[in-house]
Each structure stands twice: as C-alpha cells, then as structure tokens.
Amino acid sequence: MTTQTPPRVAEWLLRRTLPAGTRGQSILGDLVEEWREAGATPRATLRFWRHALSLALRYSVKHDRSHGHPPERSDDMFLDNLRNDLRYAVRSYAKAPAFTLIILTTLALGIGASTAIFSMVNGILLQPLPLPDPDRLVYANEVNGKGVVISMAWPNYVDWRARAQSFQSLANSRDEPYTLTGVDRAQRLRGRRVTGNFFQTLGVSPVLGRGFTEEDDRPNTPPAVVISEPFWRTQLGADPAIIGRTLQLNDAAHTVVGVLPRDFQFVRPYDVFVSMGPMAGERNLLDRGNHTGFYALGRLKPGVSVEAAGAELRSIAASLEHEYPNTNTGVSVRAERLADRLVTDIRLTLLVLFGAVGFLLLIACVNVANLLVARGAARQHELAVRAALGGSRRRLVSQMLVESTLVSIAGGALGVGAGAWLLRALVAVAPEGTPRIADVRLDAAALAFAFAAAAICGLVFGALPAFQASGDAGQQVLVRGRAAGFASRSHRLRRGLMVVETALALVLLTGAGLMMRTLHELTQVETGFRSDHLVTTRFSLAGEQWTRPKRVAFYNELQSRLRAVPGISDAAFTYSLPIDGSNWNSIFIVGDKPVPPRSQLPSAAFTPVSAGFFETMGMRLIRGRFFDGTDSATAPKVTVINESLAKRLWPGEDAVGKRLKQGWPETPNEWREVVGVVADVKLNGVAAETPMQAYLPLPQEPPESMAIVARTQGDPAAAGPAIEAAMQQLNKDLPLFQIRTMDDVLGTSLARQRMSMLVFVIFALVALTLASIGLYGVVAHGVTERMHEIGVRIALGAEQWHVVGMIVRQGLSMALVGTAIGVAGAIALSRWIQSLLFGVTATDPATLAAVVTVLLAVAVVACSVPAWRATRVDPTSALRAE
Amino acid sequence: MPPPAYLGEFEQLLLLAIARLGDRAYGLDIARELEDRAGRVVSRGALYTSLDRLEDKGLLRWRAAEGTPARNGLPRRLYVVTPAGMAALRASRDTLRRMWHGLEHLFKEPTS
C-alpha cells in the first residue's frame with residue numbers, strides 16, 4: 001500500500017467516539033504513529049481497525065466524564081451481553097440457512113449493483129476533470145444553420161480571440177495523427193495540433209522542458225513537439241536528455257521541447273502535441289469558408305459564466321456573418337463546459353442506468369424489510385415469552401439490533417465484492433472510447449450510502465418485532481397461544497411491501513424488455529453491405545513528398561498487391577468507412593436546379609473510393625454503373641451517389657446523367673456527372689439516419705489517408721498480418737493502424753446499447769427473483785397462519801382446487817395491484833428512456849404486455865407452490881394443533 | 001493524607017510502565033512496554049480508558065506535547081505518576097511483600 005493516509009473510515013469513527021481535544025487527538029495520534037511505523041501495510045491497517053473498534057466500543061459506552069465513572073464492571077457487562085447476543089444471532093441465522101442465504105444475497109446484489117453503477121456515473125459524470133479549475137474551461141465550436149457542429153474556420157478563431165472579453169485565454173487545437181519514422185519500425189502516433197497558448201489555457205505545465213508559446217505559432221518557426229509522459233517512458237525509454245532531440249513526424253523533423261506530467265490527459269490519450277508554426281499561413285487555413293477540424297478551448301475569466309461567454313461568442317459570430325456574408329452566413333456557435341462536452345454521448349445512458357440502480361436498491365431494501373418482518377412475526381412467541389420472564393425492552397431490542405447489524409455487515413461485505421466484480425464487468429463492456437473510463441474506481445462514498453440504506457432498513461424492520469413483543473400486546477400472544485394479533489398486522493405490512501416490490505420489478509422489467517427490443521431492432525437494421533469476411537485498416541501518406549500523382553500510383557500498386565495476397569478475394573480503399581462515420585462533409589450544388597440561399601445549401605458526405613470498393617463491400621447498384629479503371633485523374637469528372645441523395649435532389653427522376661459540384665457556388669471546382677446510384681449504407685453508425693452521400697473516384701480526389709477494406713475467404717481476423725506484410729514490402733515506413741473486422745466495427749457501434757441492455761436485463765432478473773421470493777414468502781406465511789381455517793374447510797369437504805384457487809387468488813391480487821402501479825410508473829418514466837431506444841417506443845404495448853405476462857406468470861408459480869402445500873394439510877392434525 | 005487507593009493488577013502494571021519510561025511515557029510506548037516486559041497484549045480501548053481512570057483517581061497526570069509528522073501532527077500525552085500514585089504503588093508492593101513473606105520456599109526458582 002503506497003498511500004500514506006490511515007484508513008479514513010476508521011479515523012472518522014474515532015473522531016466521532018473519542019473525547020474532544022488533546023485527549024482524543026493524542027489517542028488517534030498514537031494509532032497513526034504505530035500504523036506508519038509498521039510500514040502502512042494492509043496488516044497495519046487491519047490492526048488500526050482493531051484498535052479503533054476497541055476504542056470506539058469502550059468510549060461509546062463510557063458515561064460522561066463529568067458524572068464520574070461507572071464501576072469497571074459495567075463495561076464488562078455490556079461486552080458480555082454483546083458477546084451473548086452475537087453468539088445467539090449467529091446461531092439463529094445458522095438455524096435458518098435459507099433465510100440467511102436469501103437476505104445476504106439480496107443485500108449483496110442491492111449494495112453491489114448500486115455501488116458499481118454509481119461509481120461509474122461518479123467517475124465519468126460527476127468527478128471534476130483532473131485539471132486546475134476545470135469549471136472555467138469551455139469548449140467552443142462553430143455550428144451550421146441546422147445546428148450541426150462543423151468545427152472552426154481558422155480566421156473566425158483569430159477574430160474570436162481578438163474580440164472576446166470573456167476569456168482569460170482562448171486556444172485552438174485539432175486531432176492530427178502522425179507517422180513516426182526514423183525508428184526501427186514506423187509507428188502511427190495519436191497527435192493533436194495545438195496553438196501556443198493551449199497548455200496555459202488548460203493550466204498544465206510540462207515536467208521537463210517547456211510548453212508552447214506564442215512564438216511557436218508564427219510561420220517559419222521550427223516545428224516543435226511536446227510529448228506525453230507515457231510516450232516518453234514507453235517509446236523513448238524515459239530519456240532524460242530528450243529535450244532538444246528531434247522526432248521525424250510525417251517526414252519532418254520536430255524538436256522535442258517538453259514532456260507533460262504523467263497524469264495529464266486531454267479528452268483522450270495522445271502521444272504528441274505539435275506546434276502550429278509549420279502550418280501557419282497555409283492557404284486552406286486562411287480560407288474563412290473552410291472549417292478545418294479545429295475546436296476552440298477557452299479559460300473563462302473568473303466570475304464569467306459559460307452562458308455569458310457563449311452569448312458573447314454568438315454575438316461575435318453574428319457580426320462576422322455581416323462582415324463576411326459569403327462564408328459566414330448561418331454559422332453560429334456552440335459553447336459548453338469542457339467536462340460536459342466529454343460525456344455528451346454517454347450521459348443519458350448513465351443517468352438512466354443510475355435510475356435503474358435506484359430501483360434495484362429500493363427493491364433490495366423492500367425485500368430485506370419483508371424478510372425481517374416475516375422473521376419477526378415468526379418469533380413473536382419467543383420474544384413475548386422472554387419479555388414475560390423479565391427481559392427488558394432494551395435487552396430485547398438490542399438483541400434484535402445486533403442480529404440486524406450482523407446481517408447488514410455481512411451483506412455489505414459481500415456487496416463490496418459483488419460491486420467490485422460488477423464494476424470490472426461494466427468497464428469491460430463499456431463502449432470503446434468512453435471518456436474517462438480509466439478514472440472509474442469503486443466509490444467509497446457510494447458503497448457507504450448503499451450500505452447505510454440497507455442497514456437502516458434492516459435496523460428499522462429488524463427491531464420492530466422486539467418493540468411489539470415487549471408491549472402490552474405481547475402478553476396477549478402468550479395468553480392466546482397464537483400470534484394472531486401481530487401476525488395479521490405484520491401480514492398487512494408485508495402485503496403492502498409486496499405490492500411495492502412488484503411495482504418496482506415491473507418498471508425494471510419494462511426497461512429490460514425495451515432495451516432487448518432495441519438491440520434486436522439494431523441488429524436487424526439493413527446496413528447496405530455484407531459485413532462478414534471483411535477486414536479493414538487505415539494508413540496515411542502524409543508529408544510533402546506524397547504528391548497527388550504519387551499517391552494515386554501508390555494506391556494502385558497497393559491495391560494490386562493486396563488483391564494478389566492468398567486468401568484475399570478483393571481489396572479496395574475508401575476515405576470514410578461505413579458505420580465508422582464520415583470524414584468529409586461538404587455542401588454542394590446541382591446543375592439543373594436553382595441555387596438556394598447560402599444557408600440552405602444541401603450538404604452531403606463526400607467519400608473518395610477506389611475502383612472495386614462497391615464490389616468489395618457487397619453494395620447494391622440501383623442504376624448506372626460503379627467506378628472502374630476508366631475513371632482516371634484525367635478522365636471526365638464523375639460521381640456515384642447514394643439513394644438518399646438521388647431521392648432528395650431528383651425525386652421521381654433518373655439521377656444518372658445529372659451534374660453536381662462540391663463546395664460553394666463560386667468555388668472553382670469541376671462539375672461531376674452522376675454515373676451511378678447505389679443503395680444506402682449505414683454511414684454514421686447503425687442507429688443514425690444515412691446522410692446524402694456522394695462517392696468520388698480515388699484518382700480524381702486522392703486523400704492523404706485511406707481505409708483498406710479487404711474481403712477474405714477465411715477468417716477476416718487472421719488476414720491482418722498478410723495485409724501488413726504486403727504494405728511492408730511496398731514501403732516499410734507506412735504503419736497500418738486499427739486493424740479490425742467489419743463485424744467488430746458493427747459490434748463496437750452497438751456497445752452502448754449492449755451495455756444498457758445487459759445492465760437492465762441483469763437488474764430485471766434480480767428484481768424478478770427477489771419479487772417472486774417475496775411473494776412466495778408472503779403467501780406461504782399466509783398459508784401457515786390459516787392452517788386451522790384450511791383444515792376446517794377441508795374437513796367440511798372443500799375441493800382441493802377450491803383451496804388452491806383461494807390462496808392463489810389472494811397472492812395474485814397483490815401482484816395485480818403491484819403490476820397496475822408498475823405499468824403506470826413505467827409509462828410515467830417512459831420519456832427518460834426514450835432517447836436510448838431504437839425502433840420501439842417507450843410505451844410499446846407489445847413490450848408492456850409481454851412484461852406483464854412474464855411477471856404474472858412468475859407470480860402464479862410463486863403462489864401455487866404454497867397453495868399446493870395447503871391442500872396437503874391433514875385436517876385432523878390442523879385442528880388438533882389448536 | 002487519605003489512605004492510598006486500592007490498585008488492580010492492570011493498574012499497577014500501567015503505573016509501573018509509566019514510571020519505567022520516565023519522562024517520555026506516552027500511549028504507544030506504554031503499550032509496548034506492557035507488551036515487551038509484561039507479555040500483555042492490551043486492547044487500546046482498555047488501555048486508554050484505564051489511563052483515564054487512573055487520572056481521575058489522581059494517580060497520574062499528563063501534559064500535552066507537540067505532534068510529529070509521523071503522527072499527522074497530532075499531539076502526544078506524556079504521562080507521569082503523581083506522588084499519590086507512587087504512594088499507591090508502594091502500598092501495593094508492601095501488601096504483596098507482606099503476603100509473600102515466609103512463602104519463598106514454596107516458589108523456589110530452579111537453580112542453574
């Protein structure tokens with residue numbers, strides 16, 4: 001154990017129980033000193049706890065010092081009683097193993113599950129970012145007229161920076177992958193291009209060397225790079241003399257100027273941060289209509305709110321719209337807290353899961369209450385006898401409290417284990433790239449909360465029978481020989497609890513049903529391509545020596561080599577991979593329609609693809625033709641569009657032969673003729689609507705980075721090395737990254753829904769189990785209570801089915817009331833879950849009907865078992881027992 | 001002067017430990033002294049409540065001393081046996097002596 005703080009809970013306990021002032025502090029000090037001298041090991045911690053408990057016990061029973069001391073023996077008596085109570089409690093739990101097992105399982109599941117989910121919510125949503133003053137960090141971005149984020153045009157950023165008053169500093173940065181060469185094996189690095197004030201804005205300073213300065217933003221400054229600590233440690237051997245050395249990034253020498261602190265992280269892990277200087281003054285950067293993937297990051301001046309800053313940026317955007325109507329029409333701003341931005345996608349999922357967990361904890365508590373009340377009712381007689389024989393109310397209550405506490409502590413300990421296990425499982429199934437997932441730890445506060453909830457519940461309902469037994473009514477129990485008085489009272493309570501539990505279980509079941517439907521619908525979505533036997537990977541040809549003709553030649557050569565690899569039946573390239581999302585969206589105009597106002601220009605995903613792409617993916621041609629070898633750089637410019645674009649722009653017409661042009665009306669791009677229409681593929685994930693899409697022939701628009709898609713004859717996951725070998729033969733400085741099968745890509749895109757479904761289904765099953773156990777218990781108890789009556793009925797000639805019907809009916813009436821309340825609750829809560837659903841509404845009648853059926857079926861079974869037992873009552877023995 | 005207070009066995013051990021440690025007797029050292037010399041592993045709850053009781057009887061007193069970083073800066077209580085405490089110890093010893101007197105042959109230590 002490396003942390004140098006003694007166990008905090010134990011310390012808290014001591015501060016509560018020890019006398020105030022030097023007296024108590026010195027005792028605590030002695031323990032701390034001993035703990036530290038013992039090396040702060042787990043063993044020392046255990047000892048600390050033992051001391052703390054003995055002190056807490058002694059001092060909590062010691063009377064106020066000002067009233068003098070009770071004789072020494074009083075302590076011993078207390079301890080003796082406690083010891084006896086504990087022994088008695090253990091024995092009575094051991095005598096009822098089924099009861100003990102059920103109550104411990106309930107507590108473990110309730111406490112464990114709620115702690116795990118809360119820890120997740122806490123780690124991802126609630127904990128502040130590990131940056132100084134994170135609430136003042138604002139993520140700002142430009143959006144188009146439809147509210148779609150389009151990233152920042154550099155000149156607009158420059159104007160924001162000059163005009164905005166809300167920020168102490170305003171930085172800009174964008175994702176930029178780099179290829180590291182000049183090392184044994186070329187590597188793909190995760191990089192970010194950042195302005196000189198980026199690290200000051202975040203409030204981070206390097207541990208070695210320096211961060212960037214304004215100087216690094218100027219054109220013609222030598223390229224500089226700040227590297228992450230993990231990259232420095234694992235790739236550069238933690239070289240202490242790294243500052244001043246150069247790294248070959250995208251074939252340009254970059255000087256290492258700084259190493260970041262170990263725990264620094266911005267949004268996601270990066271290897272390198274590169275200075276702006278080398279690209280300052282580039283033409284496409286200075287184009288105000290070109291939104292180049294940059295995102296602004298501001299640190300607010302103290303006292304300025306995010307809303308105020310957002311309003312200021314919007315008003316700046318409005319004046320820019322006036323000044324530059326050609327490029328800035330319809331361009332507005334979205335500003336939000338950096339912390340909120342990071343978790344936008346996962347936030348709702350987590351909050352809904354959090355709600356579900358609250359329900360589960362409630363069910364667990366209700367079940368614990370139910371079990372303890374039942375147990376209490378069964379022990380009325382014993383307690384009444386003890387009260388009559390002179391057991392004081394205090395002793396009876398304290399003994400019941402000891403029993404409740406014991407079971408709570410045991411359940412809590414199991415809950416810690418269950419929670420740790422569940423959290424590990426959740427982190428494992430969490431969607432790839434879930435922000436801050438590395439920060440997730442089992443949360444001590446959550447554990448304490450869940451534990452306290454279950455313990456309080458246990459204490460209250462555990463002590464209830466003792467209070468009842470020691471009252472006047474207790475004597476009646478003795479006199480009448482049967483616990484009828486309480487039994488009916490406690491039975492009413494249990495029936496009430498049962499209704500609550502059924503209702504809660506139904507809500508969870510509904511959630512599970514809806515999530516299962518959602519996942520099913522998602523897997524049924526027509527993706528537009530064949531995902532089996534398909535493998536994909538990316539690479540890039542960055543650097544100045546890769547001119548357009550060289551890129552085209554390289555792609556052609558690589559394609560023919562890949563096609564020759566044994567086991568690969570076809571291979572092609574695409575700029576944007578289906579499901580993975582579009583890397584290039586642009587506005588466009590069409591040749592035969594009037595040009596709409598600037599803010600209403602249509603936008604499509606533009607996707608350069610090689611010949612053979614459509615065939616490799618198994619896409620369907622609707623009209624015209626696919627690309628082929630004739631679509632060269634010098635051939636007439638052409639495009640293949642998707643069905644959505646054809647239907648939107650030319651409804652009812654044949655789109656083949658029409659013309660479109662990418663970019664603004666005045667951009668000097670060439671017109672392209674539509675030569676084919678292909679069926680839509682799911683471009684931006686399975687659940688998202690397919691956008692309009694225009695494919696361009698690779699030779700006419702060769703990007704610097706491409707994804708390879710290859711169809712294999714055998715297992716696609718095994719094809720990676722062969723593809724890498726083909727690439728290495730051609731050029732050893734080009735690393736491949738993200739080698740995945742297309743089925744994995746699909747699976748990853750469903751990870752969020754899969755996680756939600758898994759949690760809901762687990763919770764629903766637990767809830768259903770708990771509810772059926774509860775129902776069984778209540779009904780069985782009812783049967784025992786009415787043994788006499790049933791015996792009389794059978795003696796008077798009642799039919800078996802009649803007895804069964806009577807008992808099942810009574811049990812089912814509880815389940816029905818609970819179900820009705822639960823359905824109402826589920827409908828009331830439906831709007832919260834709607835955003836997680838796909839292809840099914842939150843109040844889907846079929847799902848509700850199915851859920852109600854399942855619940856009632858389980859209820860019938862739970863009631864039938866005791867009902868059947870009731871028919872076996874031997875009337876003579878039932879009557880004799882009276 | 002009132003007659004010396006009656007001392008239980010554990011109380012005697014505590015006062016003796018404090019007397020042995022001189023002016024540096026604080027809780028942790030007292031516990032260790034009892035453990036090393038008397039072979040008594042004593043629960044902290046019993047230790048400190050007994051010290052409090054002896055203090056209430058006027059047999060020991062303490063003064064606060066500054067804490068060290070090793071104890072998170074928390075103060076120490078340095079205990080000393082009061083004259084009344086010394087008197088009580090002496091009385092206990094005398095009582096024991098008188099009771100032992102003449103019985104030495106029964107408990108002769110094996111020689112060699």
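Naming: A, B, ... by sequence-line order, numbering from 1 per chain.
- Neither the backbone nor the side chain of A:Leu18 comes within less than 4.5 Å of any heavy atom in chain B.
- Rounding to the nearest 0.5 Å gives a distance of 10.5 Å between CG of A:Leu46 and NE2 of A:His51.
- In this structure, chain A has no heavy atom under 4.5 Å from any part of B:Ala65.
- Atom CZ in A:Arg58 sits 5.5 Å away from atom OG in B:Ser43 (nearest 0.5 Å).
- Side chains of B:Asp29 and B:Tyr79: a donor-acceptor N/O pair is absent below 3.5 angstrom, by distance only.
- Comparing B:Ala64, B:Gly45, B:Gly27 by heavy-atom pairs within less than 4.5 Å of chain A, the highest count is held by B:Gly45.
- B:Ser50 and B:Arg53 share a side-chain donor-acceptor pair at under 3.5 Å.
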